[in-house]
Amino acid sequence: WVTRRIDQVSTKNKVADNNADVADRTGLIDGGSLPTVAALVPIYNEQSAVIQTVDHLLAQSQKLKQIIIIDDGSTDSSIEILNQHYNFDASSRVGSMSPTLQQSRKYDHLWLLKKKNSGKASSLNLGFKQVKADITLTVDADTLLDVDSIAAVQTAFIEQKNLVAAGGVLKPQAKGRGFAQALSTFQFFEYVLSYLSRAAWGQTNALLLVSGALAAYRTDALRRVGGFDATSLVEDYELTHRLHDYSCVHNLDWQITTLPGAKGITDAPGTVEAFLQQRKRWFAGFLRTHYQYRRMIAQPRYRSVGLFMMPIKTIDTLQPLYGLFALIVLVLLLFSDHVVSSVIWWTITTKLIIDFSYHIWALRKYLRWIHEPQTLKLWLYMTICVLVAPFVFQPLRHLAALLGWFKINNRSAKWRTIRSRVMDNS
């Protein structure tokens, strides 16, 4: 069933190559207009990444109506670098006190909103007040969009009238070599499985995760639910819950999905410390959000989200406990008597064969879904990951999630780059 649904989505959501193609497939050749899109790019100390991100937005095949960079009180050279590249007009600022909004002299749809540090969600809310477009796009400052991503977003929101939120497909890429690239490869195949899962859940309208690194929202719907939660550790994840909640309570047919045509590359942690920090925050945010919306668990009123996804997420709250416990038991059994350890080795071998078969199917489906070619290099990396990840990467994920349990009561929603200082200074 999942295979059939992904194939249907893959066929339906081909990316537009140019303006005429988009107009032709949406029936807007004569006198029609595409929905306008505004991009919000929150930054905090992103001097090494923000220019590339904005340049990719400026180079889209479909021009955005607004690009609003929201600086959350950066202490590095981000503002100076932005001014050098885009020449923001100090005389065009809106308001004399912080926050201030300045327009670029080079691009009339590019704006810089400067404010005091108050967190990512707060920055998004402030930027959202300036949006004058049909669709609001959130893009992390370390995410580079493919040239046709905006076209894919516009097409999807025209074809699906009830669509209120849609996530893009991101490829993680860590800065650095050696271990950083190995960790990046593990994360890539993790993302492959994750996005196939999102595609499947989206078909039953039970998708709970739309990554804020590349997410599109119908502006009216976003206003109706009140924007972003400034107290959340994972404002994108919380917002998806709130959209589902509002839709079910008000008996609306709002849809949330993933768009294979909206693609990009995003920075991934390249060190164990950065990885643990990121995943600890994610899991703590997941736990807090799940508890916040516990009323939805197993409730028919909340449709497929309440009946299926929320119960599964309830089980996932214990993921680090049974994951690390299983690893400890495995190690102890391997050092037990010969008969038991032989059985365990045969079990591990069988599991790896099943994993390998599943990864072959998943990688083929994923590449077909996003319309990218299969390469020998990918298959080689996939084989290595299947053999190594259960003993290295998965325990690291479980450890980060366990640390997330200890962070759950931390109300701080602080936000920082995942790149190391060494990378930023290079």
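Because the structure is a prediction, the values reported are computed rather than measured.
In this structure, the side chain of S247 does not engage the main chain of L243 through any donor-acceptor pair within 3.5 Å. The backbone N or O of S74 sits nowhere less than 3.5 Å from a side-chain atom of S78 that would complete a donor-acceptor pair. The backbone N or O of L170 lies less than 3.5 Å from a partner atom in the side chain of Y195, making a donor-acceptor pair. T36 places a side-chain N or O within donor-acceptor distance of the main-chain N or O of D134, the cut-off being under 3.5 Å. At least one donor-acceptor pair under 3.5 Å links the side chain of T155 to the backbone N or O of A151. Judged purely by atom type and a 3.5 angstrom limit, N87 has no side-chain atom pairing as donor or acceptor with the backbone of K106. Looking at K161, its side chain does come within 3.5 Å of a backbone N or O of I158 through a donor-acceptor pair. Under the 3.5 Å distance criterion, the side-chain polar atoms of Q187 are left unmatched by any main-chain donor or acceptor of F275. Side-chain N or O atoms of S122 include none that pairs as donor or acceptor with a backbone N or O of G119 at under 3.5 Å. Judged purely by atom type and a 3.5 angstrom limit, R288 has no side-chain atom pairing as donor or acceptor with the backbone of S232.
Ionic pairing of K120 and D72 is not present here: no N-O contact between side-chain nitrogen and carboxylate oxygen is shorter than 4.0 angstrom. Taking a cutoff of 4.0 Å between a charged side-chain nitrogen and a carboxylate oxygen, E273 and R279 do not qualify as a salt bridge. Note on K114 versus D71: no salt bridge recorded, every NZ/NE/NH1/NH2 to OD/OE distance being 4.0 Å or above. In summary, R295 and D245 engage in a salt bridge, as defined by a charged side-chain N under 4.0 Å from a carboxylate O. A salt bridge links E372 with K171; the closest basic N to acidic carboxylate O contact falls under 4.0 Å.
Between Y86 and F88, the ring planes are perpendicular. Angles over 60° get that label, and only those under 30° would be called parallel. Y237 and H241 have perpendicular rings, their planes meeting at more than 60° on a 0 to 90° scale where under 30° would count as parallel. Between F228 and F128, the ring-plane angle classifies as perpendicular under the 30° and 60° cut-offs.
The structure places NZ of K65 at 14.5 Å from CD1 of I150, a figure rounded to the nearest 0.5 Å.
Within 6.0 Å of atom OH in Y246, more than 12 heavy atoms from other residues, nucleotides or ligands are found, so the atom counts as buried in its surroundings. Heavy-atom neighbours of F179 CZ from other residues, nucleotides or ligands within 6.0 Å: above the threshold of 12. No more than 12 heavy atoms of other residues, nucleotides or ligands shown are found within 6.0 angstrom of CG on L376.
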*Give the intermediate values and the outcome of side chain to side chain contact (heavy atoms under 4.5 Å, CB included) for residues K407 and F283.*
CA-CA 9 Å; K407 188 181 174 68; F283 200 81; over 6 Å; no
*Evaluate the salt bridge (Lys or Arg N to Asp or Glu O under 4.0 Å) criterion for residues K351 and D355: first the C-alpha distance (whole Å), next the side-chain angles of each, then the deciding distance (0.1 Å), finally the verdict.*
CA-CA 6 Å; K351 172 68 163 54; D355 283 352; 2.7 Å; yes
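Between T289 and E238, the shortest heavy-atom distance links the atoms CG2-CA, 3.8 Å. When all heavy atoms of F186 and V388 are compared, the closest pair comes out as CZ-CG1, 3.7 Å.
None of T271, D142, D267 except one satisfies the side-chain hydrogen bond (donor to acceptor under 3.5 Å, both in side chains) rule with K175; the exception is D267.
Taking the centre of each ring, F189 and Y366 stay at or above the 6.0 Å mark. Checked against the 6.0 Å centroid criterion, the rings of F308 and W201 do not qualify as a close aromatic pair. Residues Y191 and F188 place their aromatic rings such that the two centres sit no closer than 6.0 Å.
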